[in-house]
There are 2 protein chains.
Amino acid sequence: MTGQVRTVDGRVAGRRGQETRQKLLDCLREMLSTSPYRDVKVIDVARMAGTSPATFYQYFPDVEGAVLEIAEEMAEDSAGLKELVDGKSWAGKTGYATSEDLVDGFLAFWRKNDAILRVVTLGAAEGDKRFFKIRMKVLNSVAGPLSEAVKANQGKTDKSVDPAAVAGALISLLASAAEHQKAFTSWGVKVKDLKPNLALQVYLGVAGKKPPK
Amino acid sequence: MTGQVRTVDGRVAGRRGQETRQKLLDCLREMLSTSPYRDVKVIDVARMAGTSPATFYQYFPDVEGAVLEIAEEMAEDSAGLKELVDGKSWAGKTGYATSEDLVDGFLAFWRKNDAILRVVTLGAAEGDKRFFKIRMKVLNSVAGPLSEAVKANQGKTDKSVDPAAVAGALISLLASAAEHQKAFTSWGVKVKDLKPNLALQVYLGVAGKKPPK
DNA sequence: AACTTGTCCTGTCATGCCGTCAGCTTACCG
DNA sequence: CGGTAAGCTGACGGCATGACAGGACAAGTT
């Protein structure tokens with residue numbers, strides 16, 4: 001599918017080269033989760049990977065370029081989130097379970113990739129189209145199916161609400177909660193209680209009514 | 001209230017010094033809204049202010065320090081957001097109007113300060129306590145009163161929901177929507193339709209029922 | 001084994017920003 | 001007018017950036 005891995009000056013990377021490249025990406029990932037984005041320097045990444053800055057610049061135009069690489073990889077991964085909604089039922093107790101699973105899965109994905117997602121979110125907010133696209137890919141993996149679910153369930157209730165808007169709002173909420181869990185605890189919401197609360201919101205949004213006991 | 005303005009090396013700043021300091025802050029604000037945070041350099045800010053980098057370091061320890069200054073100023077400003085909820089009614093049509101005003105006011109505030117809020121949000125997500133505190137101050141200016149409103153209104157309905165959690169979720173949603181409006185348009189939600197949709201969500205969360213026609 | 005080819009890495013260099021300091025200029029005050 | 005503190009900057013060592021040429025290395029060829 002994707003073409004061969006290439007260096008900035010057009011050479012095709014071989015076995016050893018790809019290993020080095022990958023090690024640089026891994027170290028960058030590590031750096032991102034331990035230092036502020038603004039302070040991540042090429043030289044630190046290179047040192048951690050046991051190589052030199054010049055080597056880094058062989059494979060990536062700059063830090064941002066390498067970050068995009070990691071982000072794209074993550075976006076591929078996010079396709080798996082579809083399964084949290086696709087083909088699931090939203091009826092009765094099963095529906096609430098679906099909601100819980102969705103919240104659980106989404107938060108887990110975000111936590112696993114929080115460092116890179118922070119940077120993607122920043123880039124998107126700053127208007128960078130590449131980061132925006134990646135962020136949408138991640139969100140859409142859930143927003144798409146969820147919007148369908150809302151549409152399917154609102155036939156019974158009223159049609160004044162835009163399914164895309166509801167699904168979007170719910171995903172935004174999940175993303176925000178995932179990125180800023182600490183805000184909720186500072187509001188007195190215990191970590192343990194966060195998921196049920198979010199699951200309730202999601203169920204309410206999709207089913208349009210309170211869940212059964 | 002606040003002590004005198006001081007330089008990094010302890011001198012008290014006089015009239016001229018404060019002017020220079022303010023000009024630097026203004027230029028930094030400007031830079032933040034035109035370039036990615038990562039690329040904002042001291043030298044650029046100084047140049048724009050018609051002064052030298054050394055002068056910048058007289059008043060601020062580094063870029064982050066100056067950003068915190070701007071952010072704190074904005075946080076003071078955010079106190080005014082309280083009025084959007086405090087003492088407002090959530091009954092019937094008036095209630096829905098309250099909801100609309102809240103969404104309107106919050107989005108306007110965010111748009112006005114979007115550049116600095118992006119950085120604050122990033123800092124908070126990265127675990128920086130100073131940025132986290134500032135972000136909470138802004139959010140709490142609305143979340144506090146809103147939580148009260150939820151509590152006051154849920155007496156009539158059921159008590160299974162934590163008011164703080166609901167208020168927090170709503171504020172998170174508003175913040176997320178404000179920061180990533182483009183995401184919603186990419187979901188097919190027109191700018192014109194965004195506010196009504198958010199207002200509906202807020203009303204639903206607070207009043208626990210659909211708004212009257 | 002010498003040769004060839006293409007990949008892979010690094011030493012080195014010019015450039016530019018960072019952060020500090022000494023010292024010059026300016027403003028204020030008695 | 002002289003003293004004092006505020007205000008500003010040139011200059012500097014240090015470090016990151018980004019480009020390049022050339023050496024090391026692996027693998028196949030003759």
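Treat the numbers as computed from the prediction; the structure is a model and nothing was measured. Letters A, B, ... are given to chains in the order of the sequence lines, protein chains preceding strands, and every chain is numbered from 1.
- Per the geometry, CG belonging to A:Leu24 stands 15 Å off P belonging to D:dG18, to the nearest Å.
- Rounded to an integer number of Å, the gap from NZ of B:Lys41 to P of D:dT17 is 8 Å.
- Two residues, A:Pro53 and A:Arg38, neighbour DNA chain C, and the one matched to the more 5' nucleotide by heavy-atom proximity is A:Pro53.
- The phosphate of D:dC8 has neither OP1 nor OP2 within less than 4.0 Å of any side-chain N or O from B:Ser52.
- Across C:dG19, D:dC8, C:dC17, the shortest atom-to-atom separation from the side chain of B:Tyr59 is found for D:dC8.
- Among the heavy atoms of the strands lying under 4.0 Å from A:Thr51 are primed sugar atoms or P, OP1, OP2 only; no base atom is included.
- What separates CD of A:Glu64 from P of D:dG18 is a distance of 11 Å, to the nearest Å.
- Between A:Pro211 and A:Leu200, some side-chain heavy-atom pair lies under the 4.5 Å cut-off.
- Contact annotation: A:Thr55 reaches the phosphate of C:dT10 (side-chain N/O to OP1 or OP2, under 4.0 Å).
- A salt bridge does not link A:Lys88 with A:Glu83: every distance from a Lys NZ or Arg NE/NH1/NH2 to an Asp or Glu carboxylate oxygen is 4.0 Å or more.
- The interatomic distance linking A:Gln18 (CD) with C:dT7 (C1') rounds to 12 Å, in whole Å.
- You'll find that the side chain of B:Ala54 is closest to C:dC21, out of D:dT17, C:dA27, C:dC21.
- Side chains of B:Val45 and B:Glu30 form no contact here, defined as non-hydrogen atoms less than 4.5 Å apart.
- Of all nucleotides listed (C:dG19, C:dC17, C:dC9), C:dC9 comes nearest to the side chain of A:Thr20.
- Between B:Arg47 atom CZ and D:dC8 atom P the separation is 18 Å, expressed in whole Å.
- Nearest to the side chain of A:Gln58, among C:dA27, D:dG18, C:dT10, sits C:dT10.
- For B:Tyr57, counting side-chain heavy atoms from C-beta on, the closest listed nucleotide (C:dC28, D:dC8, C:dC18) is C:dC18.
- Between A:Gly50 and B:Val42, the residue anchored nearer the 5' end of DNA chain C, judged by the nucleotide with its closest heavy atom, is A:Gly50.
- At least one side-chain heavy atom of A:Val206 sits less than 4.5 Å from a side-chain heavy atom of A:Leu170.
- Place A:Val40 and B:Val12 on DNA chain D by their nearest nucleotides, and B:Val12 ends up nearer the 5' end.
- We find that CG of B:Asp44 is positioned 16 Å from C1' of C:dG19, with the value rounded to whole Å.
- Atom CD1 in B:Ile43 sits roughly 15 Å away from atom C1' in D:dT17 (whole-Å rounding).
- Residues A:Arg21 and A:Gln58 bring no donor and acceptor atom of their side chains to less than 3.5 Å of each other.
- For the pair B:Arg11 CZ and C:dC21 P, the interatomic distance rounds to 13 Å; values are reported in whole Å.
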